[in-house]
Amino acid sequence: MTADVIDGKAFAAGIREKVAGHVARLSEEHGIVPGLAVVLLGEDPASQVYVRSKGKMTREVGMKSIEHRLDAGTSEEELLSLIAELNADREVHGILVQLPLPGHLNSEAVIDAIDPAKDVDGFHISNVGKLATGQAAMVPCTPLGCLMMLREQLGDLSGLDAVVIGRSNIVGKPMAQLLLRDSCTVTVAHSRTKDLPEVAKRADIVVAAVGRPKMVTGDWIKPGATVIDVGINRVDGGLVGDCDYDSCAAVAGAITPVPGGVGPMTIACLLANTVTACCRAHGLAEPEGLTA
Ligand SMILES: Nc1nc2c(c(=O)[nH]1)N[C@@H](CN(C=O)c1ccc(C(=O)N[C@@H](CCC(=O)O)C(=O)O)cc1)CN2
Ligand SMILES: [Mg+2]
């Protein structure tokens, strides 16, 4: 079997087009321009690339991009004071603090200072709780992108066996919640899981989000399963996923490549979340097909 390649780049472009349509309508019918504020501390090269890309795509879909680039040594007090300003700014509908933060800062305290209604990353404890209890939440962008690709590829996910490898707050845990919401039977596996290859091999859906280059190999995959590779590992100047692409693609029914799979969906879903937050803030109907 040769797997279908799930083209995240093309899918993400389609989402951005939908977002642009909603933004145009918000402007024409209501005179509203959604605004996204991105805060970056320090000079981490990858973070700089992501933040630049977020700004560019925000502008391309017609939204207002607000960027705050702060020194790596910025104190928590200064950062919290900026967040309070953004919380109060009516032109800002979404706020995102680029992660990882420099080590002297308490990420949880920083994230929980963001108004949950503007938390377009979906990392605020209130959004985490809402997702877990089935309430309307802001949903973390990377898992949301994975869910959209899975629904597109497989249709109804109900009853499917899903194994999420990785238990991070940013990807693994919210991914498991979303799959559960879509009535999958969900297993969250991690570095201490016994017989991990056998566990993975039972799954119709494997989501790999561990941050270990090429860890998941084809012999872990049930023939025909759908493999979503969230890993972005820089190895020998190139980019590889958490899955060994060639051996997994030889067995899977469908697979996301790295690059060009999950990555581009993250920023597209961020833009989608910003439009959703803007509509909610103004009591307007939420855009369809852009939320979980
Ligand atoms: N506050 C947040 N911080 C971080 C998040 C996040 O969702 N919110 N996610 C990641 C980084 N990230 C966005 O911030 C991100 C990662 C990767 C991509 C992407 O398009 N990747 C491309 C490859 C790009 C490359 O060559 O490096 C791909 O996979 O095709 C977009 C956004 C951590 N921090
Ligand atoms: Mg096929």
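In listed order, ligands and their atoms are each counted from 1. As the structure is a computational prediction, the values presented were derived from the model and not from experiment. Both backbone and side-chain heavy atoms feed into the values below; hydrogens, waters and symmetry mates do not.
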Are Ile228 and Met175 grouped together when hydrophobic residues (ILVMFWY) are joined by side-chain heavy atoms under 4.5 angstrom apart?
yes
Would you mind checking which non-hydrogen protein atom is closest to atom 4 (C) of ligand 1, with the distance to 0.1 Å?
Gln98 NE2, 3.5 Å
Compute the minimum heavy-atom distance from Cys141 to ligand 1 and say whether it is under 4.0 Å.
no
Indicate yes or no: does Glu60 engage Lys56 in a salt bridge with an N to O separation below 4.0 Å.
yes
Arg151 with Asp182: basic N within carboxylate O range, under 4.0 Å:
yes
Near Val97, which atoms of ligand 1 are under 4.0 Å from a heavy atom of that residue?
1 (N)
Charged N-O contact under 4.0 Å between Asp204 and Lys222:
yes
Looking at ligand 1, does any of its N/O atoms fall within less than 3.5 Å of an N/O of Lys54?
yes
Under 4.0 Å to a heavy atom of Thr266 - the qualifying atoms of ligand 1, by number
7 (O)
Is the closest N or O pair between Gly260 and ligand 1 shorter than 3.5 Å?
yes
Check each atom of ligand 1 against the heavy atoms of Gly263 and keep those under 4.0 Å away; list them by number with element.
18 (C), 19 (C), 20 (O), 21 (N), 28 (C), 29 (O), 31 (C)
Using non-hydrogen atoms of the residue, decide whether Arg234 is closer than 4.0 angstrom to ligand 1.
yes
Backbone, side chain, both or neither: what part of Ile232 comes under 4.0 angstrom of ligand 1, heavy atoms only?
side chain
Does Leu157 belong to the same Ile/Leu/Val/Met/Phe/Trp/Tyr cluster as Ile221, with side-chain heavy atoms less than 4.5 Å apart forming each link?
no
For ligand 1, find out whether one of its N or O atoms is nearer than 3.5 Å to an N or O atom of Phe123.
no
Counting heavy atoms only, which part of Lys9 comes closer than 4.0 Å to ligand 1: side chain, backbone, both or neither?
neither
Closer than 4.0 Å to some heavy atom of Pro259 - which atoms of ligand 1 meet that?
28 (C), 29 (O), 30 (O)
Ile6 reachable from Ile255 in the ILVMFWY side-chain graph, under 4.5 Å edges:
no
Applying a heavy-atom cut-off of 4.0 Å, say which part of Asp121 lies close to ligand 1: side chain, backbone, both or neither.
side chain
Counting heavy atoms under 4.0 Å, the part of Leu239 that contacts ligand 1 is side chain
Check whether Asp242 reaches the backbone of Lys214 with its side chain - one donor and one acceptor, N or O, closer than 3.5 Å.
no
